[in-house]
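Worksheet: one structure, shown below.
All residue numbers in this chain count up from 1 along the given sequence. Quantities reported herein were computed from a predicted structural model and do not represent experimental measurements.
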Amino acid sequence: MIASDQRPKRIVVLLGAKLIGLDAVLPIIMALRAEDQALDVRFVFLNAAAIPTVSANYALDSAMRDTGTVEYLSSGKGGAAGKMAAAGRLARHCVLALVRPAWLFSYTDVGQFPISPLARAARLGGGKVLIYAKSAYPGGAAELAAHQLKPQRQNRDVRFVDPGDAFLMYHRDQAPMYADFGLTRPTLIGTPRQYREWGDHLDRVGRQTGLLDAAGERIETDSRPIIAVFYSGDVTIPTQIDQPRQSLQRILDFTARSAAGAAILIKPHPNCDLTELRGDIASSARPDAVITFAHPQLLARAARVAIFNNSSNAMNDVYAEGTCVIETSVYTQEILAHGPSLFPNAGRVDGSNDDAFDTALRAAATTPERLPKPCLDDLVSQRPDSIIDTIMQAVARP
């Protein structure tokens, strides 16, 4: 076993199918690597099927590959041969954790297979297991209520079997969101999206790559205003009474009427049916709208306003870049009892109201200084001087 004050030699980041986990943890890993260039960093996807989705988000993908090695446990192909190969990869990572002290970063319960054997190996090898918050920012009271209403959090114990050796959280106001999972005594490490390493990376991507469309071609952004549209796809959203696919048509109709001179960039959710979306765009009032997989912060930096047809953590990314959000969600009364949005902010416009939607779009196209300015006071918290030292102190606590 290593002494409690000895630094790790390896960082292993376990990743699932959703981008939100990588999006939150990646700036942390970049900061750790900046503090200790000798760290061996491995990003390990539980299933390789998630990798193409990450690759499409080129800002995330390039940062991940510049920071460490990308691997996977399961190829996603199944069958006896596939399972045996996955077991072999899992065994190899366990052996490495036994012989070289590692910090294992997990987005979920460490007591679940295949994370549990990796966690045991890491601890036996003198390393530690760290749970990290998936949401980069705190939400509002309505978001907390929405999470507590989810069926998987009702009428059963949702506490983690193994909550890790420390829980990394970014803002004090996030604590209620994770309390019923048994993730107590969080270690505050500041807002990762505001870390210098991540900001510098986005600056480089903005200069060298810019905004790319779905085909990988650079989007020209200098000749006219940009309006970003974040689209969830044709899904049912329990917190809303409107239908996202119909909401998209309303959004495109409004932009055609109130911001005809603006370029419309649509960022679809990773699970969105792109063939369906392309057909909907072609038959809409804005057939010139362009699909992009750019990171929300890159879009927020380029856009005068961002439109969301459903509540999303990405709304906070937009606020944090100082950009106004128009949200068209029509919430259920159950949600509205707790607040006007899952992600409220002074920079939010209620786009479910036609007049407010029209006014905001016209301002974006002609007088953007009239748009409301986001408030960051309840979103952003300060980073400690050293992430490594802060985590070491946390895992050393009895």
Side-chain angles (χ1 to χ4, degrees), residues 17-20 22-23 49-63 202 205-206 208-235 237 242-315 317-318 321 323 325-329 351 361 364-365:
K18 294 185 177 180
L19 279 180
I20 186 172
L22 174 61
D23 213 1
I51 296 178
T53 299
V54 176
S55 298
N57 191 317
Y58 53 94
L60 276 180
D61 187 66
S62 59
L202 288 182
V205 173
Q208 298 172 7
T209 307
L211 297 179
L212 302 181
D213 64 19
E217 299 295 325
R218 186 157 185 155
I219 300 169
E220 196 278 311
T221 59
D222 295 331
S223 61
R224 52 182 179 156
I226 301 293
I227 293 177
V229 177
F230 290 76
Y231 177 53
S232 63
D234 188 16
V235 295
I237 302 175
D242 55 329
Q243 298 299 313
R245 194 175 179 191
Q246 284 68 45
S247 296
L248 177 65
Q249 292 301 313
R250 174 174 175 264
I251 290 168
L252 296 178
D253 286 346
F254 262 82
T255 60
R257 181 170 66 249
S258 306
I264 307 301
L265 306 186
I266 299 179
K267 178 173 175 59
H269 188 277
N271 294 332
C272 179
D273 184 329
L274 294 181
T275 300
E276 178 183 82
L277 175 58
R278 289 188 178 98
D280 288 346
I281 292 172
S283 62
S284 77
R286 290 303 302 256
D288 60 335
V290 176
I291 298 173
T292 179
F293 302 124
H295 192 276
Q297 286 176 274
L298 288 176
L299 281 171
R301 292 179 178 191
R304 291 189 177 180
V305 72
I307 305 174
F308 286 79
N309 77 296
N310 71 297
S311 59
S312 169
N313 281 282
M315 290 170 63
D317 277 327
V318 175
E321 294 296 332
T323 302
V325 164
I326 302 174
E327 185 185 10
T328 65
S329 308
L361 282 176

Practice task
Go through the side-chain N and O atoms of H295 and D317 and say whether any donor and acceptor fall under 3.5 Å apart.
Solution key: no
Problem - Least distance between heavy atoms, A50 atom then A17 atom - result: CB-CA, 3.9 Å
Completion exercise
Taken to the nearest 0.5 Å, the spacing of L202 CG from E321 CD works out to 7.0 Å
Practice task
Spell out, as yes or no, whether a donor-acceptor pair under 3.5 Å connects the side chain of Y58 to the backbone of L212.
Solution key: yes
Problem - S284 to Q249 - nearest heavy-atom pair and separation - result: CB-OE1, 3.5 Å
Completion exercise
Here the gap from N310 atom CG to I237 atom CD1, rounded to the nearest 0.5 Å, amounts to 4.0 Å
Handout entry: Rounded distance (nearest 0.5 Å) linking atom CD1 of I281 with atom CD1 of I264
Key = 10.5 Å
Problem - Short side-chain to backbone donor-acceptor contact, N309 and S232, under 3.5 Å - result: yes
Completion exercise
Heavy atoms of P244 and G233 approach each other most closely as CB-O, 3.3 Å
Exercise for the section: State whether the side chain of R286 and the backbone N or O of L252 hold a donor-acceptor pair below 3.5 Å, judged by distance alone. Expected result: no
Handout entry: Shortest non-hydrogen contact between Q243 and V235, atoms and distance
Key = OE1-O, 4.4 Å
Problem - Close side-chain approach of I307 to I227, heavy-atom, < 4.5 Å - result: yes
Exercise for the section: Would you give the length of the straight line joining atom CZ of R250 to atom OG1 of T328, rounded to the nearest 0.5 angstrom? Expected result: 6.0 Å
Problem - Interatomic spacing from CZ in F230 to CG in L265 - rounded to 0.5 Å - result: 9.5 Å
Exercise for the section: Could you pull out the closest heavy-atom pair between S329 and D242, with the gap in Å? Expected result: CA-OD2, 3.9 Å
Practice task
Answer yes or no: is there a donor N or O on one side and an acceptor on the other, between the side chain of S62 and the main chain of A59, under 3.5 Å?
Solution key: yes
Problem - Note, K267 side chain near N57 side chain (heavy atom, < 4.5 Å) - result: yes
Exercise for the section: Can you see which heavy atom on L19 is nearest to which on P270, and at what distance? Expected result: CD1-CG, 3.7 Å
Fill in the blank from the handout: Interatomic distance, CG@L274 vs CD1@I291, rounded to 0.5 Å, equals 5.5 Å
Exercise for the section: Find out whether Y231 and I251 are in side-chain contact, i.e. whether some heavy atom of one side chain is under 4.5 Å from a heavy atom of the other. Expected result: no
